[in-house]
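Quick caveat, the model's predicted, so the values are computed rather than measured.
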Amino acid sequence: MTGSFLNELANAPVVSVLLTVATFQLGLMAYKASNNNVIFHPVLIGASVTALIITLVPLEFDDYFANNAVVMFFLGPLIVALAVPLRAEIRALKGIALPALLVVVLGSFIAPAAALGVAWLMGAEQAVLEALLPKSVTSPIALGLAHSIGSMVVLTTAISVITGVIGAILAPPIFKLVGLTDDRLQGLCLGINAHGLGTVRAFEVSVRCGALAGLGMGLTGAFSAFLIPYVHLWAF
């Protein structure tokens with residue numbers, strides 16, 4: 001009787017949403033306590049704690065994911081809302097509009113191609129290769145692409161988040177190493193390669209950097225949504 005009650009409680013939609021919010025807040029506290037050290041990024045900490053809790057309680061990931069549909073729903077409007085800072089910083093595109101578009105197109109193609117090539121050389125199975133295709137687009141678009149090409153949604157989600165976290169962690173030292181100081185170009189690189197998490201990181205640099213990151217993320221997502229289904233048909 002007690003086990004049945006705990007199982008029903010764990011699978012209640014409100015519990016899953018509260019778990020998501022609570023673990024993210026825990027990660028945010030750790031992030032601020034570390035003086036914004038990207039190794040303690042709220043998404044990385046929150047996701048790790050959530051995964052640990054899911055393994056300890058009678059809650060399947062598919063049920064947890066379905067229960068958080070309301071959270072996923074608001075990710076789309078949130079991305080669209082990035083048009084607001086971009087509108088305020090639109091003049092930052094002066095002189096780099098064409099190169100920026102070229103970088104987005106090349107980045108949208110090279111990122112999944114490189115991931116697929118490395119995974120294929122290492123002997124990855126087809127399911128893994130398919131899940132890698134949408135790796136460099138933000139989660140709402142990646143999930144839609146995963147459904148459309150029939151890949152593993154759970155694996156695609158994990159890869160997309162990990163890509164964003166790694167990009168947010170590695171971008172600052174790489175910028176320093178290559179001497180990239182223009183916050184417009186930093187923003188584009190973060191948006192293209194680390195999508196949502198990279199955009200959050202970019203806003204910590206400057207509003208202009210964040211606005212350009214949002215542009216890079218949005219264009220990469222739009223171009224990838226068009227390109228990836230055709231790549232999937234050709235490759236698989």
Does any pair with a residue in residues 66-78 pass salt bridge (Lys or Arg N to Asp or Glu O under 4.0 Å), and if so which ones, sequence neighbours excluded?
->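 Passing the test, one end in residues 66-78: no pairs.
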Would Val200 and Leu44 show up in the same hydrophobic cluster when neighbours are defined by side-chain heavy atoms closer than 4.5 Å?
->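 No; Leu44 is not reachable from Val200 via cluster members.
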Cluster link Leu98 to Leu215, ILVMFWY, side chain under 4.5 Å |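 No: no chain of side-chain contacts under 4.5 Å links Leu98 to Leu215.
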Going by heavy atoms in the side chains, are [X] and [Y] under 4.5 Å from each other?
X: Leu145; Y: Pro229; value: yes
X: Met152; Y: Glu130; value: no
X: Thr50; Y: Ile54; value: yes
X: Leu188; Y: Val103; value: no

Sequence neighbours excluded, every pair satisfying ring pair (Phe, Tyr, Trp, His ring centres under 6.0 Å) that has a member inside residues 109-130 =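 As it turns out, there is no ring pair (Phe, Tyr, Trp, His ring centres under 6.0 Å) pair with a partner in residues 109-130 once direct neighbours are skipped.
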Which pairs, with at least one residue in residues 188-231 and sequence neighbours excluded, count as a ring pair (Phe, Tyr, Trp, His ring centres under 6.0 Å)?
->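 For residues 188-231: Phe226-Tyr230.
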Once you round to the nearest 0.5 Å, how far does [atom1] of [X] lie from [atom2] of [Y]?
X: Gln186; Y: Thr181; atom1: CD; atom2: OG1; value: 7.0 Å
X: Ser224; Y: Ile228; atom1: OG; atom2: CD1; value: 4.5 Å
X: Leu185; Y: Cys209; atom1: CG; atom2: SG; value: 9.5 Å
X: Leu19; Y: Ile53; atom1: CG; atom2: CD1; value: 5.0 Å

On a heavy-atom basis, which atom in [X] and which in [Y] lie closest, and how many Å separate them?
X: Gly221; Y: Val137; answer: CA-CG1, 3.9 Å
X: Leu155; Y: Ala127; answer: CD2-O, 4.4 Å
X: Ala202; Y: Gly187; answer: CB-CA, 4.5 Å
X: Gly107; Y: Ile192; answer: CA-CG2, 4.2 Å
X: Ala146; Y: Thr156; answer: CB-OG1, 3.8 Å

By side chain to side chain donor-acceptor pair (under 3.5 Å), which residues pair with [X], not counting sequence neighbours?
X: Thr20; answer: Tyr64, Asn68
X: Thr220; answer: none
X: Ser206; answer: Asp183

Atom pairs and distances, donor-acceptor, side-chain atoms in residues 166-178, under 3.5 Å, two or more places apart:
none

Considering only Ile, Leu, Val, Met, Phe, Trp and Tyr, and joining two whenever side-chain heavy atoms are under 4.5 Å apart, list the other residues clustered with Leu52.
->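 Leu56, which link up through side-chain heavy atoms under 4.5 Å apart, make up the rest of the cluster.
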Could you list who else is in Val205's hydrophobic cluster, with ILVMFWY side chains joined at under 4.5 Å, directly or through other members?
->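 Once heavy-atom contacts under 4.5 Å are chained together, Val205 still belongs with nothing else.
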Could I get the full list of side chain to side chain contact (heavy atoms under 4.5 Å, CB included) partners for Leu197, not counting sequence neighbours?
->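 Applying side chain to side chain contact (heavy atoms under 4.5 Å, CB included) to Leu197 gives His41, Val43, Val165.
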Any residue meeting side chain to side chain contact (heavy atoms under 4.5 Å, CB included) with Ile110, in chain and number order, not counting sequence neighbours |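 Ile110 satisfies side chain to side chain contact (heavy atoms under 4.5 Å, CB included) with Leu106 only.
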Donor-acceptor pairs under 3.5 angstrom involving side-chain atoms of residues 24-32: please list them, not counting sequence neighbours.
| residue | atom | partner | partner atom | Å |
| --- | --- | --- | --- | --- |
| Tyr31 | OH | Arg201 | NH1 | 3.4 |
| Tyr31 | OH | Glu204 | OE1 | 2.8 |
| Tyr31 | OH | Glu204 | OE2 | 2.7 |

